[in-house]
2 protein chains.
Amino acid sequence: MPRSEIPLDDIDHDLLAVLQRDADQTLGALGEQVGLSPSAVQRRITRLKKHGVIARTVVELAPEATSDLILAVCVVTLDRESNERHERFQQRLLNAPEVQQIYMVSGDWDYVVVFATHGMAHHNEVTGRLLSDAPNVRRYTTLFVLKPVRTGNALPTR
Amino acid sequence: MPRSEIPLDDIDHDLLAVLQRDADQTLGALGEQVGLSPSAVQRRITRLKKHGVIARTVVELAPEATSDLILAVCVVTLDRESNERHERFQQRLLNAPEVQQIYMVSGDWDYVVVFATHGMAHHNEVTGRLLSDAPNVRRYTTLFVLKPVRTGNALPTR
DNA sequence: TCTGAAAGTTTTCATCC
DNA sequence: GGATGAAAACTTTCAGA
């Protein structure tokens, strides 16, 4: 999917907002919410996917339904600023399915990483391998999630 | 959707892993990946939704396709530990569409909050209103996202 | 109890206006 | 953007393992 810039009108914005909350609806139901016929909705969705505005469609699991789920936010600083080191660090994290999110950030820390694991043993194994025993991690701090008040990846579109 | 605990077998786990990456596939295509007929796949998905394992289906937007997107991770500490204050704080954040994620955490900070806004002016307006000018926020620090290396909400299911 | 296949229904897709 | 018919997908039912 290419991702050239395309203009979005009000209806596109409405449609994207709806789809980011619930994409499990028929074109007719979506049409009612944005004031369009099913075929018009279909045309717009096709266009939004084609131009890469809509990156993908996924299901989200209920955190409560995942047994022994431990969510943790780790802030990480690497040893030195070096592109190669950053690349390697990112690649290691990307290869781990327990790494839910990775953000490179500015300021005192280099990265914010969200881990999703099953139980403390699993958490320790994963963060140990990816952070404690990593060659280029200078320091990191773990913030254990007591309650995921809101999750999701919804982006404002205007 | 109720969320009583239900047993998941290997095929359920495979199916959930696939759906968390890409839910925009036909039952037949899904069936091929997990080794089941389309109707069997459909039955399992229905069951997983009914029991709340699958919370919802959503589209994810490409961050690059969102104009002037600013992502920021804020760590926040409230003035005092009080259930009522926490409730109010959470509710204010939940009402803001620019608040993408909220995690209550243990340790030196009380919350990790991810903001998604359009441009610095918007970012400052939102964090000003929700954090700086909030009555019960003691302090907070902002980590601006330079690069979202991985996003998503995929949870490991086993 | 769960599967696979077939029938019936709904939705989606492509073309037309 | 809306409407229509054709194609595809989904849902249900049923027989068998």
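Only this structure's heavy atoms are used, side chains among them; waters, hydrogens and symmetry mates stay out. Proteins get letters first, then strands, A, B, ... in listed order; numbering begins at 1 in each.
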Angle between ring planes, B:Phe144 versus B:His123, binned at 30° and 60°: parallel, tilted or perpendicular? tilted

Rounding to 0.5 Å, atoms CG (A:Leu48) and CG (B:Leu61) come to a distance of 8.5 Å

Linking I/L/V/M/F/W/Y whenever any side-chain heavy atoms sit under 4.5 Å apart, do B:Trp109 and B:Phe115 land together? no

In Å and rounded to the nearest 0.5 Å, what is the CG to CG distance from B:Asp10 to B:Leu15? 12.5 Å

Do B:Val113 and A:Ile102 sit in one hydrophobic cluster, given that two such residues count as connected whenever their side-chain heavy atoms are within less than 4.5 Å of each other, even indirectly? no

Let me confirm one number: the CD-OG distance from B:Gln42 to B:Ser37, rounded to the nearest 0.5 Å. 10.0 Å

Atom of A:Ala154, atom of B:Gln100 and distance for their closest heavy-atom approach: O-NE2, 3.3 Å

Per the under-4.0 Å heavy-atom filter, residues of residues 23-35 of chain A near DNA chain D come out as none

For B:Glu125, give me all partners under salt bridge (Lys or Arg N to Asp or Glu O under 4.0 Å), at least two apart in sequence or on another chain. B:Arg129

Check: protein-nucleotides 14-17 of chain D nitrogen or oxygen pairs below 3.5 Å:
none

Start and end of the DNA chain C segment that chain B contacts, any atom under 4.0 Å from a heavy atom: C:dT3 to C:dA5

Determine the contact category for B:Arg44: base if any of its heavy atoms lies under 4.0 Å from a base atom, sugar-phosphate if only primed atoms, P, OP1 or OP2 are that close, otherwise nothing. sugar-phosphate

List the residues meeting side-chain hydrogen bond (donor to acceptor under 3.5 Å, both in side chains) with A:His118, not counting sequence neighbours, and say none if there are none. none

With clusters defined by side-chain heavy atoms of hydrophobic residues (ILVMFWY) lying less than 4.5 Å apart, directly or transitively, does B:Tyr140 cluster with B:Ile70? no

Without swapping roles, check the side chain of B:Arg85 against the backbone of B:Asn136 for a donor-acceptor pair under 3.5 Å. no

Start with the C-alpha gap between B:Leu143 and A:Tyr103, add the side-chain angles, then the distance that decides, and say whether side-chain contact (heavy atoms from CB on, under 4.5 Å) holds. CA-CA 10 Å; B:Leu143 296 79; A:Tyr103 298 105; over 6 Å; no

Nearest 0.5 Å, please: how far is CZ in B:Arg44 from CD1 in B:Ile11? 4.5 Å

The helix from C:dT1-D:dA17 to C:dC17-D:dG1: angle between terminal helix axes, five bp per end, to the nearest 10 degrees, reads 30°

Does B:Gln42 put a side-chain nitrogen or oxygen below 4.0 Å from OP1 or OP2 of D:dT11? yes

